[in-house]
S.K.: 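Quick one: this structure, given as structure tokens, is what I'll be asking you about.
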Amino acid sequence: MIRLQLPPKPVQLTAEMQRELTEQFKKDNNKAVWKKEWIFQPLRQMTHSKCSFSEVKLGEEGKYLEIEHIHPKSKYPDEVVEWGNMLPICNFCNRKKSSWNTKEKPLVNPMVDDPKDYFCVTRTGRLIAKNNNKKAIDTINAYDLNNYDQLQKVRLELIRNIGKHLETVLILIDSNKTNDAISFLRNILLSCGRENSYSAYRSAYVLSSEVYLEIKGKLVKLKLWDSELIVSEEEMKFCALPIAH
């Protein structure tokens, strides 16, 4: 999970339109009045077409784009199209959270809360509540963010592959193939950016990797740590959750 910035409210979502859509929903609870491209598009862009909570790429791995209502529409119908109450989510997380009453038991909202204040990650791809924070624990449980088959297994495989790739970069540097090493490293770092799946986990692993730190040290010493690598590292720092110790 990474910090999200809510985009400006669509011009189409006027007060009159919001009232109209809300009334339609109240008359027919099965009517998905929020299914408007002008609602979906800015929210999809905000998350780079990822689930706001699991960070899976929507439209891949059978994960379809749905709209999460922070405050559930079944309990708070007046907020069904309120801007700031809707987030892109995968169907897995949406089903798990269901109608959890967030006004009674608040969950982490990445548009309001910084996930770094609530979570850390392990080297096996698990999400952990920081300091046993109840809001973080409830969020992990509500969305089932450590489900092994659906999420953790994929994260673990990604982390293992990144580890192997970093080892390859180090071998290339030690073989005086620095151009190949830098090219390979750039691709690794770019894969950790916020537009990619599981960026909070990928970035956390790379930044805490002893191999990565050794690679950086060697390239700095050779004066090959360039502006592109600096920018990529800053992007990882934005995405990375703290590593659990």
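All values below were derived from every heavy atom in this structure, side-chain atoms included, with hydrogens, water molecules and symmetry-related copies excluded.
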S.K.: Between Leu151 and Tyr148, is there a shared hydrophobic cluster once you connect ILVMFWY residues whose side-chain heavy atoms come closer than 4.5 Å?
M.R.: no
S.K.: Given Tyr76 and Asn101, is the side-chain contact (heavy atoms from CB on, under 4.5 Å) satisfied, shown in steps?
M.R.: CA-CA 9 Å; Tyr76 306 101; Asn101 193 333; 2.7 Å; yes
S.K.: Using atom types as modelled and distance alone, determine if a side-chain donor or acceptor of Trp83 lies under 3.5 Å from a backbone N or O of Pro7.
M.R.: yes
S.K.: Look up atom NZ in Lys216 and atom CG in Leu185, then write down how far apart they are to the nearest 0.5 Å.
M.R.: 11.0 Å
S.K.: Would you say Cys51 and Ile89 make side-chain contact, with heavy atoms under 4.5 Å?
M.R.: yes
S.K.: Show your working on side-chain contact (heavy atoms from CB on, under 4.5 Å) between Asn146 and Arg155 and close with a plain yes or no.
M.R.: CA-CA 10 Å; Asn146 282 325; Arg155 297 190 302 237; 3.1 Å; yes
S.K.: If hydrophobic clusters are built from ILVMFWY residues whose side chains come within less than 4.5 Å, do Tyr212 and Tyr201 share one?
M.R.: no
S.K.: Would you say Thr102's side chain and Ile70's backbone share a donor-acceptor pair under 3.5 angstrom?
M.R.: yes
S.K.: As an exercise, state the distance from OG of Ser49 to CD of Glu195, rounded to the nearest 0.5 Å.
M.R.: 11.0 Å
S.K.: Looking at Asn196 and Leu190, would you say the former's side chain and the latter's main chain have a donor-acceptor pair under 3.5 Å?
M.R.: yes
S.K.: To the nearest 0.5 Å, what is the distance between CH2 (Trp225) and CD1 (Ile182)?
M.R.: 9.5 Å
S.K.: Taking atom CD of Gln5 as the centre, does the number of heavy atoms from other residues, nucleotides or ligands within less than 6.0 Å exceed 12?
M.R.: no
S.K.: Just by distance, do the side chain of Lys116 and the backbone of Pro242 share a donor-acceptor pair under 3.5 Å?
M.R.: no
S.K.: Check whether any side-chain heavy atom of Gln152 lies under 4.5 Å from a side-chain heavy atom of Thr124, and answer yes or no.
M.R.: yes
S.K.: I need the single residue from Gln18, Met17, Gln12 that forms a side chain to side chain contact (heavy atoms under 4.5 Å, CB included) with Thr14. Which is it?
M.R.: Met17
S.K.: Taking the side chain as every heavy atom from C-beta outward, state whether Leu13 and Trp38 have any pair of such atoms under 4.5 Å apart.
M.R.: yes
S.K.: Give, for atom CZ of Arg126 and atom CD1 of Ile140, the distance between the pair rounded to the nearest 0.5 Å.
M.R.: 8.0 Å
S.K.: Report, as yes or no, whether the 6.0 Å neighbourhood of atom CD on Glu210 holds more than 12 heavy atoms from other residues, nucleotides or ligands.
M.R.: no
S.K.: Which pair of heavy atoms, one from Pro10 and one from Pro42, lies closest together, and at what distance?
M.R.: CG-CG, 4.2 Å
S.K.: For the pair Glu82 and Lys73, find out whether any cationic side-chain nitrogen is under 4.0 Å from an anionic carboxylate oxygen.
M.R.: no
S.K.: Hey, mind stepping through Glu55 and Arg202 against salt bridge (Lys or Arg N to Asp or Glu O under 4.0 Å) and telling me if it holds?
M.R.: CA-CA 11 Å; Glu55 279 200 281; Arg202 298 185 199 226; over 6 Å; no
S.K.: Would you say Val80 and Leu21 make side-chain contact, with heavy atoms under 4.5 Å?
M.R.: no
S.K.: Find out whether Asp149 and Asn147 are in side-chain contact, i.e. whether some heavy atom of one side chain is under 4.5 Å from a heavy atom of the other.
M.R.: yes
S.K.: Out of curiosity, Leu224 CG to Leu229 CG, how far, rounded to the nearest 0.5 Å?
M.R.: 9.0 Å
S.K.: Could you walk me through whether His48 and Arg194 pass side-chain contact (heavy atoms from CB on, under 4.5 Å), step by step?
M.R.: CA-CA 7 Å; His48 302 276; Arg194 71 189 79 184; 3.5 Å; yes
S.K.: Under a 4.0 Å N-O cut-off, is there an ion pair linking Lys75 with Glu104?
M.R.: no
S.K.: Is any side-chain heavy atom of Asp144 closer than 4.5 Å to a side-chain heavy atom of Gln150?
M.R.: no
S.K.: Just so I know, are the side chains of Leu145 and Ser54 near enough to count as touching, which here means a heavy-atom distance under 4.5 Å?
M.R.: yes
S.K.: Using residues 173-181 as the side-chain source, report each donor-acceptor pair under 3.5 Å to any protein atom, sequence neighbours left out, with the distance given to one decimal.
M.R.:
residue: Asp174; atom: OD1; partner: Lys218; partner atom: NZ; Å: 3.3
residue: Ser175; atom: OG; partner: Ile171; partner atom: O; Å: 2.8

S.K.: For residues Ala136 and Tyr118, report the shortest heavy-atom separation together with the two atoms involved.
M.R.: CB-O, 3.3 Å
S.K.: Run the numbers on Phe119 and Asp113 for side-chain contact (heavy atoms from CB on, under 4.5 Å), then give the verdict.
M.R.: CA-CA 11 Å; Phe119 305 107; Asp113 305 309; over 6 Å; no
S.K.: Under a 4.5 Å cut-off applied to non-hydrogen side-chain atoms, are Asn94 and Tyr143 in contact?
M.R.: no
S.K.: Given the rule in the salt bridge (Lys or Arg N to Asp or Glu O under 4.0 Å) test, do Glu16 and Arg19 qualify, once you have shown the distances and angles that lead to the verdict?
M.R.: CA-CA 5 Å; Glu16 182 180 353; Arg19 282 194 299 271; 5.5 Å; no
S.K.: If you compare all heavy atoms of Met111 against all heavy atoms of Gly84, which two are closest, and at what distance to 0.1 Å?
M.R.: CE-O, 3.2 Å
S.K.: What residues, two or more places apart in sequence or in another chain, satisfy ring-ring contact (aromatic ring centres under 6.0 Å, His included) together with His165?
M.R.: Phe184
S.K.: Any chain of hydrophobic side-chain contacts (each under 4.5 Å) joining Ile215 to Leu213?
M.R.: yes
S.K.: At what distance, to the nearest 0.5 angstrom, does NZ of Lys134 lie from OG1 of Thr139?
M.R.: 9.5 Å
S.K.: Going by distance alone, is a donor N or O of one side chain under 3.5 Å from an acceptor N or O of the other, for Gln41 and Arg44?
M.R.: yes
S.K.: Say whether Leu127 and Leu156 are linked into one hydrophobic cluster, either directly or through other cluster members, by side-chain heavy-atom distances under 4.5 angstrom.
M.R.: no
S.K.: Minimum heavy-atom separation for Val206 to Cys192, with atom names?
M.R.: CG2-SG, 3.8 Å
S.K.: Establish whether Leu87 and Phe40 are linked, either directly or via other cluster members, by ILVMFWY side-chain heavy-atom contacts under 4.5 Å.
M.R.: yes
S.K.: Quick one: closest heavy-atom pair of Leu107 and Lys97, and the distance?
M.R.: CD1-CE, 4.1 Å
S.K.: Any donor-acceptor pair under 3.5 Å linking the side chain of Ser208 with the backbone of Tyr205?
M.R.: yes
S.K.: Restricting to non-hydrogen atoms, name the atom on Pro110 and the atom on Ile2 that form the minimum distance, rounded to 0.1 Å.
M.R.: CB-O, 3.5 Å
S.K.: Decide if atom CG of Asp28 counts as having more than 12 heavy atoms of other residues, nucleotides or ligands within a radius under 6.0 Å.
M.R.: yes
